[in-house]
Amino acid sequence: MRIEYSKGQRASTELIQLHRRSSAVAGGRKMKVLLIFPPDWYPSEPYLSLPTLTAVLRAAGHTVIQKDVNLEMYDWYFSEDFLKRVLRKVPQQLDRLRKLAKKRELEEWEADLQLALCDLTRQRIAELTDKAERAKRIVRGEDFYDIDKLEWAINTFREITAAISLVYAPARICMPPMETDLSYKVFMSSEVMDAVRDTQVNVYRDVFDHLVKPTIEAERPDVVGVSIVLQQQLFSSMTFCALIKEQFPQIHVTIGGNTVTRLRDVLPGSPLFAFFDSAVIYEGETAFLQLIEAVGAGRDLGGIPNLIYRDAAGVHTSPLTYAEDMGSLPPPDFDGLPLEKYFVPDRILPYLATRGCYWGRCEFCDHGEGYTAGYRTKKIEQIIEDIRFLKTKYHTRHFHFTDESYPPALFRKLARRLVETKMDILWTTHMRFEKSLLDEAVWRDARDSGCRYLHFGYESGSERVLKLMDKATTTDVIKRHLELSAGVGIWNHVMGFFGFPGETREEAWQSVRFLEDNRAHVHSLGFGTFDLSKHTPVAKHPEKWGVTPYKNPDWDLALDYYYTVREGLSVEEAERVFEEFERNHYPGWDLRIFIREYVFLYIARFGLSKLQDLQFNPDRIPAGTASS
């Protein structure tokens, strides 16, 4: 099923140019814009939305401050300043529990919390502070490439965030994995708003006071834009937006990003709109540029594409949409981001050469919802020049090509041109298993061009299920891809899931058996269960798949639905298959480090020779305290 792109009236290029000329003639003032990337995301590389917008806004003469609050927050968490703040909060949390105990008997977890808080002494905080600073030095320096020290650092981050959680309980702060939980439901507007106001659990209020507010006071921006990629970021984003509107009401606050686009149908009527002034949906470069110029000139926002906005009359959705011309976009601008502070020893930069997915037919996927036009790409020479520019300017050889799925023709061309130009980079990207890429010369070019790590969309090892999904590949093609990539020394990471509607238990285990049979060529994998996301073809045509979705009207921000099926694995049965798979699979797929950028850097440094070192061994003596 092809993606449906008809989402409103398409604004012509001529209309966009007219807006730009009108803005110039009107003499709209140059604006100061603060762009924020909010928590929670692993701080291993910049997220591309801010540098992409920054490049366009600066080219138009506007001043941009980029602030990766997520990165700065974790740098702050693992510092003496923040951990002393935690120590000061211990008596407050104990006092809260004592008062609660006078009203009712404490629950078991609350009693356990009391005991744990009593152990959070000045000496313990001093110990954690020392470990935090050493852990940051490890992930940012050469000790990163000592797997024992890196594993110790990751475990230290987890240990410290567990300690931080004690003073914000019942919230649970966790990194890694990124599983911070404020104890509120992110799929309900009412609960998100309650979380924003909750001074006990909402750590992001403290993050705002320490990291966001001082920047606003110092820079005095006209517009603040917040990029929301994951739904979980709604907690931090809405906290920041609410506090900005409360304390700096003159600032225009706008939100954008993948999650905002997916919520476009419910945002106009959501009470969350009280926290911000506008929302940019779909692609944001042209829309955001027109927005800030209209705000600067005091003009009506009605003619701006890809915009939902609030004025005195209410909330309005622009009928116009616009899709970017990839060839006209400059390379991303990372100036102003503290690139040296990311939790990696070697700088990794993201780069996007395409928009949309060239295939666009997978029945389980909703990535196309972020676009109002089909697949587009920059020309190969422009891509090469962008990469050369970024490599030289930011002194890095490591690139993450963040395209939805790298097109096979472009994969061939890029690898060949990188070899011909002697670009000398190391790179990773995301791909489908394509029958047009079974030529050994292609994979030699890929290796020689610096490709070291590939994420493959495997999904299933059942031919019937692959056809149901419209994957247009076969197990023979998948097997050959794995052999070819592994044969030239490129790490392959295989992603799949259980429970696609109609899949049987036998077919689910067929997926596992296929990988087990080919495990000599499979380096790592990630499995999960099927999610019925609201914008997928399956959710839009459930009757075709024998699916019955259950939509709770109170869950207004839900992006996934519970469902039942007419045939095949139920939600619960798929979960049981997944749990059984987690307990019983080839142990070589369990890695000591699971952060994708970390695996990429290891493979980029050592090739596949470190495979056994990366694999988890339950008999291994745990890494002790790392030396500084």
Side-chain angles (χ1 to χ4, degrees), residues 45 48 326-327 331-332 346-359 375-392 394 396-458 472-473 477-495 521-524 596-597 599-609:
E45 64 179 77
L48 197 51
M326 292 296 289
D346 292 296
R347 190 171 293 170
I348 304 172
L349 291 186
Y351 177 76
L352 187 69
T354 66
R355 291 278 167 96
C357 177
Y358 72 94
W359 179 245
Y375 165 74
R376 290 147 285 150
T377 180
K378 292 187 175 186
K379 289 183 167 52
I380 186 64
E381 292 308 317
Q382 185 180 5
I383 296 170
I384 292 294
E385 286 308 307
D386 284 353
I387 293 170
R388 179 181 289 112
F389 170 78
L390 294 170
K391 176 192 174 185
T392 302
Y394 297 108
T396 184
R397 296 176 60 220
H398 297 84
F399 286 88
H400 177 192
F401 299 147
T402 56
D403 306 73
E404 304 276 4
S405 183
Y406 222 80
L410 187 56
F411 184 79
R412 287 172 174 269
K413 290 178 185 177
L414 178 68
R416 184 91 291 269
R417 289 297 289 137
L418 289 173
V419 171
E420 291 170 349
T421 56
K422 297 180 172 60
M423 190 68 71
D424 188 29
I425 65 168
L426 300 161
W427 56 279
T428 176
T429 194
H430 315 263
M431 296 188 67
R432 282 169 36 86
F433 291 111
E434 284 281 3
K435 61 184 177 183
S436 61
L437 290 178
L438 302 185
D439 182 348
E440 291 185 25
V442 173
W443 291 95
R444 288 194 297 270
D445 273 354
R447 175 200 60 206
D448 294 344
S449 73
C451 181
R452 292 295 180 268
Y453 181 43
L454 291 174
H455 269 70
F456 284 103
Y458 167 66
T473 194
V477 170
I478 294 171
K479 179 179 180 180
R480 189 64 182 139
H481 260 265
L482 296 172
E483 291 171 347
L484 287 168
S485 58
V488 297
I490 295 174
W491 183 287
N492 55 62
H493 179 84
V494 174
M495 299 174 289
H521 308 296
V522 178
H523 301 124
S524 60
R596 67 183 179 189
E597 292 83 5
V599 177
F600 167 51
L601 288 176
Y602 256 78
I603 303 309
R605 171 68 69 93
F606 300 112
L608 300 185
S609 63

Discussion item. According to side chain to side chain donor-acceptor pair (under 3.5 Å), who are the partners of S449, at least two apart in sequence or on a separate chain?
Written reply: W427

Discussion item. Applying side chain to side chain donor-acceptor pair (under 3.5 Å), can you list everything that pairs with H430, at least two apart in sequence or on another chain?
Written reply: H400

Item to complete: Please collect all salt bridge (Lys or Arg N to Asp or Glu O under 4.0 Å) contacts where either partner lies in residues 399-415, sequence neighbours excluded, each pair once.
Response: none

Discussion item. Tell me whether the rings of F411 and Y406 are parallel (<30°), tilted (30 to 60°) or perpendicular (>60°).
Written reply: perpendicular

Item to complete: Quick one: do L414 and I384 satisfy side-chain contact (heavy atoms from CB on, under 4.5 Å)? Show the steps, please.
Response: CA-CA 8 Å; L414 178 68; I384 292 294; 4.1 Å; yes

Discussion item. When you compare the side chain of H455 with that of R596, does any pair of heavy atoms fall below 4.5 Å?
Written reply: yes

Worksheet item: With side chains defined as the heavy atoms from C-beta onward, is the minimum distance between T428 and L454 less than 4.5 Å?
Response: no

Worksheet item: Between T402 and P350, which heavy-atom pair has the shortest distance, and what is it?
Response: CG2-CB, 3.8 Å

Worksheet item: L484 versus V488: any side-chain heavy-atom pair under 4.5 Å?
Response: no

Worksheet item: How would you list, by chain and number, every residue that makes a salt bridge (charged side-chain N to carboxylate O under 4.0 Å, His left out) with E440, sequence neighbours excluded?
Response: R444, R480

Worksheet item: Minimum heavy-atom separation for G327 to Q382, with atom names?
Response: O-NE2, 3.2 Å

Worksheet item: Can you name the side chain to side chain donor-acceptor pair (under 3.5 Å) partners of Y351, sequence neighbours left out?
Response: D386

Discussion item. I need the T421 OG1 to E385 CD distance, nearest 0.5 Å.
Written reply: 8.5 Å

Worksheet entry | Sequence neighbours excluded - side-chain hydrogen bond (donor to acceptor under 3.5 Å, both in side chains) pairs with any residue from residues 599-609 | E142-R605

Worksheet item: Of all residues at least two apart in sequence or in a different chain, which pass the salt bridge (charged side-chain N to carboxylate O under 4.0 Å, His left out) check with E434?
Response: R432

Worksheet item: Looking at residues at least two apart in the chain, or sitting in another chain, which of them share a side chain to side chain donor-acceptor pair (under 3.5 Å) with R376?
Response: E283

Item to complete: Kindly write out the residues that satisfy salt bridge (charged side-chain N to carboxylate O under 4.0 Å, His left out) with R452, not counting sequence neighbours, or none if the list is empty.
Response: none

Response to the item:
By ring-ring contact (aromatic ring centres under 6.0 Å, His included), Y394 pairs with (sequence neighbours left out) F334

Fill in: Audit row: F401, I387, side-chain contact (heavy atoms from CB on, under 4.5 Å) steps and yes/no
CA-CA 10 Å; F401 299 147; I387 293 170; 3.7 Å; yes

Discussion item. Determine whether a donor-acceptor pair (N or O, by modelled atom type, separation under 3.5 Å) exists between the side chain of S485 and the backbone of L482.
Written reply: yes

Practice prompt. Using modelled atom types only, decide if a donor and an acceptor are shared between the side chain of T473 and the backbone of F433 within a distance under 3.5 Å.
Written response: yes

Fill in: Backbone N/O of M423 and side chain of K391: donor-acceptor pair under 3.5 Å
yes

Discussion item. Is it the case that the side chain of W443 and the backbone of L437 share a donor-acceptor pair, with hydrogens and angles ignored and the cut-off at 3.5 Å?
Written reply: yes

Practice prompt. Please name the residue in the list H523, H521, H481 that meets the ring pair (Phe, Tyr, Trp, His ring centres under 6.0 Å) test with F456.
Written response: H481

Worksheet item: So which pairs with a foot in residues 415-427 pass salt bridge (Lys or Arg N to Asp or Glu O under 4.0 Å), sequence neighbours left out?
Response: E381-R417, R397-D424, R416-E420, R416-D445, R417-E420

Discussion item. As an exercise, state the distance from NZ of K378 to CG of L410, rounded to the nearest 0.5 Å.
Written reply: 12.0 Å

Worksheet item: Where is the tightest heavy-atom contact between L390 and P332, given as atom of each residue plus distance?
Response: CD2-O, 3.5 Å

Item to complete: Measure the OG1-CG distance between T377 and L352 for me, rounded to the nearest 0.5 Å.
Response: 9.0 Å

Practice prompt. List for me each residue that meets side-chain contact (heavy atoms from CB on, under 4.5 Å) alongside H398, sequence neighbours excluded, and say none if there are none.
Written response: D346, I348, T396, L426, F600, L601, A604

Practice prompt. Identify the heavy atoms of P407 and Y375 that sit nearest to each other, and give their distance.
Written response: CG-OH, 3.0 Å

